[in-house]
Amino acid sequence: MFKKFLKDILNPNTSTTIKQKETTRVKDKDFNKEKSKELFQQARDIFDSGDINKSIELIKKSNEYLVRSFAENEDEVKSASRFFGVNQEGYEAAKDIKIPIGGLTEVEIDLIHREVCWFALNGIKPDYVLMSFLMFKEYEWKEFEEELQRAKNSSSPEEYEIYYYIKNELKEQVNLLEYREKFYNLSLDARVLLSSYNAIARKRYLKAEKDVENFYHQRGATELKDAGYIHSTPNGLMIEFPVNEKKQVMFKKKKLETLMRHILTLTYRNRVYKIGKLDFKKNDIPNAVFLVNGMGGSTLCKTEAIPVKGAKEKDLQIHSIGCKCSFSFYGRPENLPEEEKEKYALR
């Protein structure tokens, strides 16, 4: 105490200096936060105009300001920067996504696809974005209904991935308009964040202090808190978009998850198709094939060897909903083991 007393006498402006530094620090953080928002909006505007490289440049700058709005030192800056990045490869893959549903206008589908690409560029998985657009909405998915009917008519429907929807088929349905209105009153950022934490009709807890801190720095987190979807509990920070009709909501959510897996698998196959076609053109491999191993999962699964020469993209689609068949390019099928040649009828 005596040392502190002497220090205060010898340095009468010490406490004032500390307060000034703290005020400056807070102002700097506020400035960084606002600058991040400004640059992020610019990045989005330029993204919509089609200049992806310039948009990426601005996203990176925005993320730098965002990190500095909460990091206390350079070590924290380095650590936090890992969570905020640009995923150009994810964006390139997202561009190939095709959304096979009806009941929405072409304008709505285009909007969803554009947002999927934007969030993919920012490191967010496409399935979270799709859920944030389609949850609680009615849409048509013809391929799903056809697969469901084939499975119902089969002698062993339990063999197929779609069996879940037969076993848990809803006899009565409640109008979910109330939840739809609440959900879509949230911004897209907030809806994507809810989806990414799988917190629709489920409680999600963050117990570690660092996890909580990282959560609140994400775009949309403050909005979710203000809307009443985030609570501090004895078990940690709880995130939940609550519903009463859990069985019905979870059924619809499960169907959306199936749709998203289907779309992403389609996208993966399309990429393999394009790479295979490119290899075929570049190299002297006239017998090259796409191999589909017939693992099963849908009512239409089968083992196939599709010649790359003359193959069209439509020839390489998923057999049907729930298809687990792996899909690969093989340049020289003559080098396959004999049992593989027999399996794929290549003899």
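Between Glu145 and Lys142 there is no salt bridge, since no side-chain nitrogen of the basic residue lies less than 4.0 Å from a carboxylate oxygen of the acidic one. Checked for salt-bridge contact, Glu178 and Lys182 meet the test: a charged N lies under 4.0 Å from a carboxylate O. The pair Arg44-Asp48 counts as a salt bridge, with a side-chain nitrogen and a carboxylate oxygen less than 4.0 angstrom apart. Of the charged side-chain nitrogens involved, none lies within less than 4.0 Å of a carboxylate oxygen, so that Glu64 and Lys61 do not count as a salt-bridged pair. Ion pairing between a basic and an acidic side chain is recognised when a charged N comes within 4.0 Å of a carboxylate O; Glu172 and Lys247 show no such pairing.
In plain terms, the two heavy atoms of Phe144 and Ile162 that are nearest each other are O-CD1, 3.6 Å.
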Item to complete: Let me see the working for Tyr229 and Ile239 under side chain to side chain contact (heavy atoms under 4.5 Å, CB included), right down to the final yes or no.
Response: CA-CA 6 Å; Tyr229 302 130; Ile239 308 152; 5.7 Å; no
Worksheet item: Given the rule in the side chain to side chain contact (heavy atoms under 4.5 Å, CB included) test, do Tyr344 and Asn293 qualify, once you have shown the distances and angles that lead to the verdict?
Response: CA-CA 8 Å; Tyr344 291 105; Asn293 73 349; 3.4 Å; yes
Fill in: Ile321/Leu148 under side chain to side chain contact (heavy atoms under 4.5 Å, CB included): CA gap, chis, key distance, verdict
CA-CA 9 Å; Ile321 311 305; Leu148 188 67; over 6 Å; no
Discussion item. Between Phe290 and Asp315, does the side chain to side chain contact (heavy atoms under 4.5 Å, CB included) criterion hold? Intermediate values first, please.
Written reply: CA-CA 10 Å; Phe290 293 110; Asp315 299 327; over 6 Å; no
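Aromatic ring centroids of Tyr197 and Phe215 lie under 6.0 Å apart. Taking the ring centroids of Tyr273 and Phe329, they lie at or beyond the 6.0 Å cut-off.
Residues passing the side-chain hydrogen bond (donor to acceptor under 3.5 Å, both in side chains) test with Lys254, sequence neighbours excluded: none.
Leu193 CG to Glu223 CD: the interatomic distance, rounded to the nearest 0.5 Å, is 10.0 Å. With rounding to the nearest 0.5 Å, the separation of CD1 in Ile109 from NZ in Lys98 is 13.5 Å.
Residue Lys253 qualifies as enclosed at atom NZ: its count of foreign heavy atoms under 6.0 Å is above 12. Summarising the local packing, NZ of Lys33 is surrounded by 12 or fewer heavy atoms from other residues, nucleotides or ligands at distances under 6.0 Å.
Between Glu158 and Lys167, the closest side-chain pair of non-hydrogen atoms is not below 4.5 Å.
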